[in-house]
Protein chains: 2
Amino acid sequence: MDTGDAFDPNCPTRLVLDRIGDKWSVLVLLSLIDGPMRFTALRGRINGVTPKVLTQTLRAMELDGLLTREVFAEVPPRVEYTLTDLGRSLHAPISVVARWAEENVHEILRHREKIS
Amino acid sequence: MDTGDAFDPNCPTRLVLDRIGDKWSVLVLLSLIDGPMRFTALRGRINGVTPKVLTQTLRAMELDGLLTREVFAEVPPRVEYTLTDLGRSLHAPISVVARWAEENVHEILRHREKIS
DNA sequence: CGGGATCCGCGACGATACTG
DNA sequence: CAGTATCGTCGCGGATCCCG
């Protein structure tokens with residue numbers, strides 16, 4: 001498999017990298033792996049995210065078909081977010097990167113802090 | 001394996017995601033997989049990158065120990081960039097993501113363009 | 001409860017010009 | 001050849017307030 005098309009700004013890899021490279025999408029995905037969650041529950045679990053940005057992230061992921069948004073006509077209102085099959089399938093690639101990260105973070109930090 | 005620590009901003013996964021999520025690092029890595037390259041060669045291969053940004057990217061990757069920078073005292077000057085073992089080992093995780101991207105880009109675009 | 005509206009800082013990125 | 005210097009742009013993300 002050649003990755004030469006990665007040099008095209010519109011290539012698939014660029015697209016996915018832009019998504020998982022953003023600040024919150026991966027955290028949302030990891031949160032929803034265990035099952036559907038409500039907006040406030042996500043807010044609480046993902047420390048530091050503001051409502052606006054969380055909404056933006058969820059909308060973008062919904063647009064890409066990574067998750068679905070379900071509104072329940074109740075009082076108080078309830079909105080649940082659920083990963084789609086597509087969203088769940090992204091978990092494996094992310095885990096590979098995460099595993100590499102955990103195995104090599106010490107060496108990276110060693111270089112970075114010039115302890116070399 | 002639990003990925004709960006990903007919610008810490010200083011977690012390994014966040015660190016690596018910030019790196020491969022940036023615009024040029026992955027392209028540099030893919031370019032250097034086949035062997036060392038000079039600055040201008042990289043510029044030519046990676047279409048659209050400016051000298052300043054390429055330098056920034058290379059310096060950051062050097063700091064993280066992903067590649068080495070070797071200066072040859074010649075006229076005209078020659079500088080070669082070479083992936084380290086650490087840098088080469090990052091190729092596999094990236095390839096996994098790239099493969100997922102290629103397999104699923106159509107479904108993502110289908111959702112995104114609301115043809116869905 | 002689950003957002004939307006608004007404002008804004010900051011850092012990534014780019015364009016252009018110049019240099020050892 | 002391999003950068004550096006300077007300036008400008010742009011949009012992500014944060015802060016705050018408001019609403020159905």
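Order of the sequence lines fixes the chain letters, A, B, ..., with proteins taken first and strands second; residue numbering starts at 1 for each chain.
- No chain of hydrophobic side-chain contacts below 4.5 Å, direct or via other Ile, Leu, Val, Met, Phe, Trp or Tyr residues, connects A/Leu63 to A/Leu32.
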Criterion side-chain contact (heavy atoms from CB on, under 4.5 Å) on B/Thr13 and B/Val16, from CA distance to verdict: CA-CA 5 Å; B/Thr13 304; B/Val16 173; over 6 Å; no
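- What you find for A/Arg19 and A/Ala60 is that their closest heavy atoms are NH2-CB, 3.4 Å.
- A close approach under 4.0 Å does occur between a side-chain nitrogen or oxygen of B/Arg38 and OP1 or OP2 of D/dA2.
- Atoms CD (B/Glu80) and P (D/dA2) sit 9 Å apart, rounded to a whole Å.
- In this structure the side chain of B/Tyr81 never reaches within 4.5 angstrom of the side chain of B/Val28, judged on heavy atoms.
- To the nearest angstrom, C1' of D/dA2 lies 6 Å from CZ of B/Phe39.
- Across all strands, A/Tyr81 comes closer than 4.0 Å only to sugar-phosphate atoms, never to a base (heavy-atom distances).
- Between the CZ atom of A/Arg69 and the C1' atom of C/dG3 there is a distance of 8 Å, rounded to whole Å.
- Whole-Å rounding puts the A/Ile46 CD1 to D/dG13 C1' distance at 14 Å.
- Paired with A/Ile20 under the rule side-chain contact (heavy atoms from CB on, under 4.5 Å), one option of A/Val97, A/Leu29, A/Leu90 passes, and it is A/Leu90.
- Panel note: side chain B/His111, backbone B/Glu107; a donor-acceptor pair is recorded below 3.5 Å.
- Atom C1' of nucleotide C/dG11 and atom CG of B/Asp18 are separated by 13 Å, given to the nearest angstrom.
- In terms of position along DNA chain D, the nucleotide closest to A/Lys23 lies nearer the 5' end than the nucleotide closest to the other residue of the pair A/Pro77 and A/Lys23.
- Computed from coordinates, the B/Trp24 CH2 to C/dG11 P distance equals 21 Å when rounded to whole Å.
- A side-chain donor-acceptor contact under 3.5 Å links B/Arg88 to the backbone of B/Leu83.
- Minimum atom distance to the side chain of B/Pro76 is reached by D/dC1, of the listed D/dC1, D/dG3, C/dG14.
- Close to C/dG4, at under 4.0 Å from its OP1 or OP2, lies a side-chain N or O of A/Arg59.
- Near DNA chain C, meaning a heavy atom under 4.0 Å from it, residues 49-56 of chain B has B/Thr50, B/Lys52, B/Val53 in order of number.
- As judged by a 4.0 angstrom heavy-atom cut-off over every strand, B/Arg43 is placed among residues making no nucleic acid contact.
- Across the protein-nucleic acid pair, B/Glu74 atom CD and D/dC1 atom P stand 13 Å apart, rounded to whole Å.
- Between A/Arg78 atom CZ and C/dG3 atom P there is a gap of 13 Å when expressed in whole angstrom units.
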